[in-house]
Asker: 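The structure that follows is given in the form of structure tokens.
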Amino acid sequence: MFRTYAQTPPKGWNSWDSFGASVTEEEVLGNAEVMAKNLKDSGWEYVVVDIQWYEPRGDSCAYHPFTELHQDEYSRVIPATNRFPSSAGGQGFKPLADAVHAMGLKFGIHIMRGIPRQAVHDNTKILGTQRTARDIADANSICHWNTDMYGVDASKEGSQAYYDSLLALYASWGVDFLKVDDIADSKLYGTHTGEIELIRKAIDGCGRPMVLSLSPGPAPIDSGTFFQRHANMWRLTDDLWDNWHQLHDMFGRCGKWSAFVGSGSWPDCDMLPLGHIGTRTAADGSEARMTRFTKAEQRSLMTLWSIFRSPLLFGGDLRKLDDWTRSLLTDPYLIDAHQNGRDAREVYRKDDLVIWVSASDARKYVACFNLADNPAGLPAAAGEWLRSLGGEMLEVWANRAVSVADAETAFIAPHGVVLYVSQ
């Protein structure tokens with residue numbers, strides 16, 4: 001059963017927040033090396049190459065309309081050799097995946113749903129069927145922000161063979177994590193359930209365990225059970241960047257989706273735009289920066305993502321990992337809540353005060369968030385949950401033992417959080 005592939009929410013690194021559509025093999029390996037050395041022992045394991053790895057011209061977050069893509073004879077995109085030199089000679093991502101695996105990590109890639117437009121225009125072959133790219137394409141099913149693909153008509157003969165051929169290729173490369181884009185968003189064309197079902201069947205038949213992540217959001221909550229049956233992760237939002245408005249919005253989304261969290265089934269709050277990001281999200285490097293989130297906001301983000309048990313995909317350049325950011329990524333209490341928590345839920349929300357609770361086998365957690373622009377005291381309702389922790393507890397971010405009476409008089413920083421755990 002595919003849900004055994006991700007018994008706990010996946011943790012790793014994704015190239016998008018730092019390198020946009022232009023990451024190189026050297027940059028992937030450099031980030032993998034830092035993860036293996038500094039984060040692997042804390043459960044960080046996936047190294048994911050995001051969008052446009054098959055485009056030679058990739059230089060930023062921008063997409064080049066109708067650009068030429070590297071493609072094989074069977075209508076499948078393959079890595080651009082100028083950016084991924086080890087892929088030359090038809091090796092694809094296998095050498096890079098082997099190098100990542102040798103570090104004790106796992107390897108992932110991003111794809112767009114569908115079949116390349118250039119394959120359809122050239123009417124190239126599909127492995128395992130007499131049907132061709134033009135036979136299975138749905139030219140009316142397009143991505144409104146990327147021109148690379150036409151959708152695949154799931155009702156057409158040859159459509160399953162196409163996705164089977166993709167997943168067979170990825171399995172031969174050693175892919176452990178597949179992020180599929182332009183497939184879960186409900187805003188314009190609806191969730192592409194037909195293609196999701198094709199991909200699910202292809203992964204199940206490829207002979208290699210592979211986590212399936214669906215993007216972008218917002219995924220429709222009335223399809224939550226469908227996502228649980230077909231994917232390991234699905235996005236709750238569009239791309240999340242380092243601004244408070246988007247982080248504030250995630251509290252409402254998490255509150256609605258917490259019932260769908262469980263083994264192998266992880267509603268996804270999107271990536272962590274922390275540390276040094278934006279290295280090449282603009283072609284001239286002008287967006288390079290440390291995250292714009294304040295330290296209070298970073299604690300709030302990591303606390304919410306961890307208690308809710310969202311997948312954690314770090315977006316910063318790990319080669320520039322600072323001590324502050326590393327402390328967030330390796331905090332033992334967040335790790336415990338994220339990997340071992342259960343029954344996490346929002347138990348209180350009034351105006352800008354929010355309380356989440358969770359428990360693991362080792363301890364209980366109470367997180368009190370202040371979403372306002374000014375300091376705030378804990379709501380009276382917090383007392384009930386604090387008393388459930390017992391007499392003495394730890395205030396994680398202040399790193400001090402407190403009593404319930406002490407905690408009830410605490411103030412929370414603007415956009416901040418106090419996290420209490422039982423001793």
Side-chain angles (χ1 to χ4, degrees), residues 12-31 46-70 77 79-80 82-84 108-114 116-117 142-149 177-185 187-188 213-218 233 235-247 249-250 268-293 301 311-321 325:
W13 174 82
N14 177 293
S15 60
W16 173 254
D17 285 354
S18 291
F19 304 105
S22 68
V23 73
T24 66
E25 182 169 355
E26 180 182 8
E27 290 161 340
V28 173
L29 287 171
N31 277 270
Y46 290 97
V47 176
V48 182
V49 179
D50 211 86
I51 195 167
Q52 303 300 117
W53 42 265
Y54 41 80
E55 182 196 345
R57 294 176 58 207
D59 60 5
S60 65
C61 276
Y63 306 117
H64 301 110
F66 306 104
T67 189
E68 183 179 355
L69 312 177
H70 278 213
V77 290
N82 63 317
R83 292 168 51 199
F84 298 93
I109 60 172
H110 168 292
I111 64 169
M112 298 292 293
R113 73 172 178 93
R117 290 194 192 207
I142 58 175
C143 176
H144 70 279
W145 45 267
N146 183 290
T147 60
D148 292 346
M149 303 287 182
F177 182 109
L178 183 66
K179 176 182 176 181
V180 185
D181 215 334
D182 187 43
I183 202 163
D185 184 359
K187 289 183 292 188
L188 285 180
S213 168
L214 304 179
S215 287
M233 300 165 48
R235 284 264 295 278
L236 307 188
T237 182
D238 203 345
D239 288 0
L240 183 127
W241 283 101
D242 49 335
N243 68 78
W244 173 248
H245 172 76
Q246 287 185 297
L247 177 51
D249 179 65
M250 286 309 302
D268 180 10
C269 296
D270 198 22
M271 291 169 54
L272 306 173
L274 303 177
H276 189 281
I277 60 175
T279 302
R280 209 162 48 249
T281 50
D284 62 1
S286 59
E287 283 293 301
R289 64 189 185 275
M290 292 300 292
T291 183
R292 296 187 181 111
F293 283 132
L301 184 153
L312 300 178
L313 275 296
F314 184 72
D317 188 344
L318 288 171
R319 299 172 304 172
K320 299 180 180 180
L321 185 65
T325 307

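If you read the sequence from its start, that first residue is 1, and numbering goes on from there.
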Asker: Return the CD to CG distance between Gln52 and Leu69, rounded to the nearest 0.5 Å.
Answerer: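 The distance works out to 7.0 Å.
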Asker: Do you know the tightest heavy-atom contact between His64 and Thr147?
Answerer: O-OG1, 4.1 Å
Asker: State, to 0.1 Å, how close Met271 and Gly315 come at their nearest heavy-atom pair, and which atoms those are.
Answerer: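 Looks like CE-CA, 3.6 Å.
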Asker: For the residue pair Tyr63 and Asp148, confirm or rule out a side-chain donor-acceptor distance under 3.5 Å.
Answerer: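 No, because no side-chain N or O of Tyr63 sits under 3.5 Å from a partner of the opposite role on Asp148.
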Asker: Taking Cys61's backbone N and O only, do any of them form a donor-acceptor pair with Thr281's side chain (distance below 3.5 Å, no angle check)?
Answerer: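 A pair under 3.5 Å: no.
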Asker: Grab the two heavy atoms, one from Arg289 and one from Trp241, that are nearest each other, plus how far apart they are.
Answerer: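 Nearest heavy atoms, Arg289 then Trp241: NH2-CE3, 3.7 Å.
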Asker: Using 0.5 Å steps for rounding, measure from the NZ atom of Lys179 to the NE2 atom of His110.
Answerer: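 Lys179 atom NZ to His110 atom NE2 measures 5.0 Å (nearest 0.5 Å).
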Asker: Closest approach of His276 and Lys320, non-hydrogen atoms and distance?
Answerer: CE1-NZ, 3.6 Å
Asker: Closest heavy-atom contact between Asn82 and Pro56?
Answerer: ND2-O, 3.0 Å
Asker: Is it the case that the side chains of Gln246 and Asp249 hold a donor-acceptor pair, with the cut-off being a distance below 3.5 Å and no angle test?
Answerer: no
Asker: Donor-acceptor pair, Arg113 side chain versus Asp182 backbone, under 3.5 Å?
Answerer: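 Yes; judged by distance alone, with no hydrogens or angles, the pair exists.
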Asker: Ignoring hydrogens and angles, tell me if any N or O in the side chain of Ser18 forms a donor-acceptor pair with the backbone of Asp317 under 3.5 Å.
Answerer: yes
Asker: How long is the span from the SG atom in Cys269 to the CG atom in Leu301, to the nearest 0.5 Å?
Answerer: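 Spacing of SG (Cys269) from CG (Leu301) equals 8.0 Å.
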Asker: Verify, without hydrogens or angle tests, whether Ser15 (side chain) and Val23 (backbone) share a donor-acceptor contact under 3.5 angstrom.
Answerer: no
Asker: State whether a side-chain donor-acceptor pair under 3.5 Å links Ser22 with Arg280.
Answerer: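 Indeed, the side chains of Ser22 and Arg280 share at least one donor-acceptor pair under 3.5 Å.
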Asker: Report the distance from atom CG of Asp242 to atom CD1 of Ile277, rounding to the nearest 0.5 Å.
Answerer: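 If I round to the nearest 0.5 Å, the distance is 4.0 Å.
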Asker: Quick one: CZ on Arg57 to OG1 on Thr67, what's the gap to the nearest 0.5 Å?
Answerer: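 Interatomic distance, Arg57 CZ to Thr67 OG1, rounded to 0.5 Å: 4.5 Å.
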Asker: Calculate, to the nearest 0.5 Å, the distance between atoms CG and CG belonging to Leu318 and Asn31 respectively.
Answerer: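 One gets 4.5 Å once the value is rounded to the nearest 0.5 Å.
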Asker: How are the rings of Phe19 and Trp13 set relative to one another: parallel (under 30°), tilted (30 to 60°) or perpendicular (over 60°)?
Answerer: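 Correct class here is perpendicular.
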Asker: When Arg235 is tested against each of Asp181, Asp185, Asp270, Asp268 for salt bridge (charged side-chain N to carboxylate O under 4.0 Å, His left out), which residue passes?
Answerer: Asp270
Asker: Of the non-hydrogen atoms in Ala282 and Ser60, which two are nearest, and what is the gap between them?
Answerer: C-CB, 3.7 Å
